[in-house]
Trainee: 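So that we are looking at the same thing, I have put the structure below in structure tokens.
None of the values given here were measured: they were computed from a predicted structure. Numbers restart at 1 for each chain; the letters A, B, ... are given by sequence-line order, proteins then strands.
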There are 2 protein chains.
Amino acid sequence: MSVSMGTSGTRSARERLVVIGGDAAGMSAASQARRLKGPDELEIVAFERGHFTSYSACGIPYWVGGDVGDRDLLIARTPKEHRARDIDLRLRTEVTELDLDRGRVRARDVDSGAESWTSYDKLVIATGARPIRPELPGMDAPGVHGVQTLDDGQALLDTLARTRGRRAVVVGAGYIGVEMAEAMINRGYEVTVVNRGEEPMSTLDPDMGRLVHEAMEGMGITMVNGAEVTKLSTGDDGRVRAVATEDAEFPADVVVLGIGVRPETALARAAGLPLGEHGGLLTDRSMRVRGHENVWAGGDCVEVLDLVSGQQRHIPLGTHANKHGQIIGANVGGGYATFPGVVGTAVSKVCDLEIARTGLREKDARRVGLRFEAVTIESTSRAGYYPSASPMTVKMLAELRTGRLLGLQIVGREGAGKRVDIAAVALTAGMTVDQMTVLDLGYAPPFSPVWDPVLVAARKAATRIRGAG
Amino acid sequence: MSVSMGTSGTRSARERLVVIGGDAAGMSAASQARRLKGPDELEIVAFERGHFTSYSACGIPYWVGGDVGDRDLLIARTPKEHRARDIDLRLRTEVTELDLDRGRVRARDVDSGAESWTSYDKLVIATGARPIRPELPGMDAPGVHGVQTLDDGQALLDTLARTRGRRAVVVGAGYIGVEMAEAMINRGYEVTVVNRGEEPMSTLDPDMGRLVHEAMEGMGITMVNGAEVTKLSTGDDGRVRAVATEDAEFPADVVVLGIGVRPETALARAAGLPLGEHGGLLTDRSMRVRGHENVWAGGDCVEVLDLVSGQQRHIPLGTHANKHGQIIGANVGGGYATFPGVVGTAVSKVCDLEIARTGLREKDARRVGLRFEAVTIESTSRAGYYPSASPMTVKMLAELRTGRLLGLQIVGREGAGKRVDIAAVALTAGMTVDQMTVLDLGYAPPFSPVWDPVLVAARKAATRIRGAG
């Protein structure tokens, strides 16, 4: 192991920002800092362990499914573009240690193994998340694929090109799982989804997850719920052949793992930085790591404040990572910006089924001691008489007594999902469902019934809250 | 003229509610009141001058255009259904006088001409709006059609069925005008829109209206802006033949008037009820007519408070009328509900072009003494790499110093229009554009870029406001 003082030998008035992780949060931070401070004031060094920067991991299912024709379309900004902005980007370079006392990081060239220390004045940790991989027999067999990185996506596509069989098993039925089920359907596979939970989409209440379950079965997807994978069987050639649960075995020519991720905070943990109960870094409002003046963190490696429950959560999502990066960059660059927290909004689709949620589920509300009414209504995306008006189900939770909106869940077809934004803003503003009943939402027959489905839910919830006095 | 005491002869402990006008506001009020009070407590008499009740006037362009196959689909609740709920509905009966001192209304049977007085304990005025008809030569010629009522729509369809020529001129380029332009395109007509304003959609700023103008021309619609109609020329058969402006004449086999409406408040004016500067009835928060304990009014005949400007406006829109009716019905029925006001949200489309607005335009803000920054951004409805991502333009106004959101305008394609709801809720909550930059909106590639277009606009506006210090 060769350890040198590297670029940290001399120090000038110019400050050095070191960024660990070259995707959304890290490179947004670097770019925003560069916008505010030129290279004569701020040197920026960014370490990325992979080949790519600033790409949309959320887009991988659509690339695998064939909706997006080319990997490079998922790359928002290339290494070359970052370097053109005077960001010293070091690809295939993994940071292996943080030395907070001396203000330096040790990095290793993945290909050569050479290591060196780089000192920093300011540090941004954007190490992202790592996929959850249960330690099961066959987990590493050829034909078993995760879909977290562009390299993962390419490996899966290579497998699909080589595979003659047409049976795919997707493990997990969260966002990645259902999106990958769609992708495999689009590729012409027979798809089985093996899901540990009672219903798919455990970010919804089970009654709403049930609607997703039924719709997915209607698409020809085999849903296996309440099933824990026990092993992945392999054939004589060593390739995956089936996914086994306690009760059954599901033949598989390819297996896609969509089990979720955990914050990638091994470095931070080793350095003694504060981590929350979900394993993510804890930051203040400016995205500065708590108790560390010159260290910021953002993206999938941090926990965020849930504004509705008042608790910390881990929500790996590109839109938060981008915001974090922007805010960190502003603060590092001498500006001022804060991230107040999230309300837990998410939207997804499986083929033409749209699924959205924001705020608290029933069990979230109970967990934090909130009492509530929950109502569910059926409505349509457009005026009922307008062509292509499609049904949607909206569930709304409101706090007893105060009538404060606590959460919204939507399952429907075209035009359903983004209606969740109405509730996301209302939650942020702390509105009551009674106030929501008179919201002035856009109405015309091609866009909405005269009472928008969200208003119908709010009316029912408000009536229920009054009745519960 | 026969005037009798009609049903007002005897009075019991049972109260009588009289409703004038059988469309959205009136019949929603009647229905909601009935839900709260049975026929033994409350008698409900509703007068409607036409043949229909509770229909969607907003749906008429889609019926005329052929998207909606049958008139009856536009009727939310028929006279028979209302009567089945113990509402004494009198069709083809026009109220001709309000006698507030004695608490009675005079009504005339349109067919027989017979008149009678009906006393009330509580009165709801929901007389709607009447179309603006400039007094010009040829305005009443066959082939010239308004589209306010179902009868109007049927008459236009009858004309289209009889007309061989294929040239349609639409007068006016507001919501009704552009929607009728789409309808006539769908019917296979060559369409010319003659518009008095600088650009179509005067509810937008002209720079955004310009985008609508260009898109409509791209659809093959001939746009004539800044043109005042001077007369409608007729042929030897007396039918309309052309629409003339000061500068030109546009051949027309059929003319559709989409010039807008004014509150229908002649009765109220004659009775001395308070009217605002737009000619609409003035109510309090409970939708009670100001200064009149037992008289309520709602729908297209009232003015509403604009929560952003603090001024009264007249906004004829089915979604407001339904809310008013609901609120009036609750209050008349012994409950409690209020209408705080509007933020001026509207959404519309011309073929695949979506147009939306909420809050103040530049000239609205200036008129009420607000200083502001206006920003315009281009983005897409979905992640840029996702198929069918379509471009949209978003304009945002924010108040100087405070950074408070003042208004939003959107012109785009599929998925653009209903994004206005984000701003509608933010306006209602009094959010600043800085607060909006961190809104937790639904993100996934098929639904939005990682920064939703509304967030992109908010970021630009927030930066501009800070710069303007």
Side-chain angles (χ1 to χ4, degrees), chain A residues 24 56 58-59 62 67-68 73-74 76 175 179 317-320 322-323 326-327 338-340 342-349 354 356 358 383-387 415 417-422 424-429 431 435 437-448 450-452 459, chain B residues 24 56 58-59 62 67-68 73-74 76 175 179 317-320 322-323 326-327 338-340 342-349 354 356 358 383-387 415 417-422 424-429 431 435 437-448 450-452 459:
Chain A
S56 171
C58 325
Y62 307 100
D67 285 322
V68 176
L73 293 171
L74 300 185
Y175 290 108
E179 288 168 1
L317 204 57
T319 186
H320 299 324
N322 271 279
K323 290 192 186 92
Q326 192 78 22
I327 287 160
T338 58
F339 187 76
V342 303
V343 292
T345 311
V347 60
S348 187
K349 79 181 192 73
E354 300 190 358
T358 189
Y385 55 78
Y386 193 86
K418 273 293 260 180
R419 275 184 160 87
V420 76
D421 288 346
I422 299 166
V425 184
L427 277 172
T428 306
M431 281 189 184
Q435 289 173 316
T437 61
V438 284
L439 280 173
D440 184 4
L441 304 180
Y443 162 64
F447 296 92
S448 174
V450 71
W451 289 97
D452 190 281
R459 277 171 62 188
Chain B
S56 171
C58 325
Y62 307 100
D67 286 323
V68 176
L73 292 170
L74 300 184
Y175 290 108
E179 288 168 1
L317 205 57
T319 186
H320 299 325
N322 272 280
K323 291 193 185 90
Q326 192 79 22
I327 287 160
T338 59
F339 188 76
V342 302
V343 292
T345 311
V347 60
S348 188
K349 78 182 194 72
E354 299 190 358
T358 190
Y385 55 78
Y386 193 85
K418 273 292 260 180
R419 277 185 157 86
V420 76
D421 287 346
I422 299 164
V425 184
L427 277 173
T428 305
M431 282 189 181
Q435 290 173 316
T437 61
V438 285
L439 281 173
D440 185 4
L441 304 181
Y443 162 64
F447 295 93
S448 174
V450 71
W451 290 96
D452 190 279
R459 276 171 62 189

Trainee: Residues two or more places apart in sequence or in another chain: which of them pass salt bridge (charged side-chain N to carboxylate O under 4.0 Å, His left out) with A:Asp452?
Mentor: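 Listed in chain order: A:Arg419, B:Lys418.
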Trainee: Would you compute the distance between atom SG of B:Cys58 and atom OH of B:Tyr175 and round it to the nearest 0.5 angstrom?
Mentor: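 Reported to 0.5 Å precision, the distance equals 12.0 Å.
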Trainee: Sort A:Ala383 into side chain, backbone, both or neither according to what part of it lies under 4.5 angstrom from a heavy atom of chain B.
Mentor: neither
Trainee: State, with a plain yes or no, whether a side-chain heavy atom of A:Leu441 is found less than 4.5 Å away from one of B:Thr345.
Mentor: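 A:Leu441 does not reach B:Thr345 side chain to side chain.
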Trainee: Check whether any side-chain heavy atom of B:Val425 sits under 4.5 Å from a side-chain heavy atom of B:Met431, and report yes or no.
Mentor: no
Trainee: Can you tell which of B:Phe447, B:Trp451, B:Tyr443 has the highest number of heavy-atom pairs within less than 4.5 Å of chain A?
Mentor: B:Phe447
Trainee: Is there a donor-acceptor contact under 3.5 Å from the side chain of A:Asp440 to the main chain of B:Val343?
Mentor: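 The answer is yes, because a donor-acceptor pair under 3.5 Å joins these two groups.
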Trainee: What part of A:Thr437 gets within 4.5 angstrom of chain B, counting heavy atoms only: side chain, backbone, both, or neither?
Mentor: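 Backbone only.
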Trainee: Tell me, side chain or backbone of A:Gln435 under 4.5 Å from chain B's heavy atoms, or both, or neither?
Mentor: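 For A:Gln435, there is no contact with chain B at all, as no heavy atom is under 4.5 Å.
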Trainee: Between A:Ala429, A:Pro387, A:Ala424, A:Gly415, which residue shows the highest count of heavy-atom pairs closer than 4.5 Å to chain B?
Mentor: A:Pro387
Trainee: For the candidates B:Pro445, B:Ala346, B:Ala444, which exhibits the highest count of non-hydrogen atom pairs separated by less than 4.5 Å from chain A?
Mentor: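 Top option by heavy-atom pairs under 4.5 Å: B:Pro445.
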Trainee: Only pairs of heavy atoms separated by less than 4.5 Å count here; which of B:Thr428, B:Leu73, B:Leu427, B:Asp421 has the most with chain A?
Mentor: B:Asp421
Trainee: Considering only heavy atoms, which portion of A:Ile327 lies under 4.5 Å from any heavy atom of chain B: side chain, backbone, both, or neither?
Mentor: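 A:Ile327 touches chain B through side-chain heavy atoms alone.
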Trainee: Given that the side chain runs from C-beta out, which part of B:Thr338 has a heavy atom under 4.5 Å from chain A: side chain, backbone, both or neither?
Mentor: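 Backbone only.
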Trainee: Determine whether a donor-acceptor pair (N or O, by modelled atom type, separation under 3.5 Å) exists between the side chain of A:Thr319 and the backbone of B:Val450.
Mentor: yes
Trainee: Give the member of B:Val420, B:Leu74, B:Leu317 that has the highest number of heavy-atom pairs under 4.5 Å with chain A.
Mentor: B:Leu74
Trainee: Are any of the side-chain heavy atoms of B:Gln326 and A:Arg459 separated by less than 4.5 Å?
Mentor: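 Of all side-chain heavy-atom pairs linking A:Arg459 with B:Gln326, at least one is under 4.5 Å.
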Trainee: Only pairs of heavy atoms separated by less than 4.5 Å count here; which of A:Glu179, A:Lys349, A:His320 has the most with chain B?
Mentor: A:Lys349
Trainee: Only counting residues at least two apart or in another chain, list the ones meeting ring-ring contact (aromatic ring centres under 6.0 Å, His included) with A:Tyr386.
Mentor: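 For A:Tyr386 the ring-ring contact (aromatic ring centres under 6.0 Å, His included) partners, ignoring immediate neighbours, are B:Tyr62.
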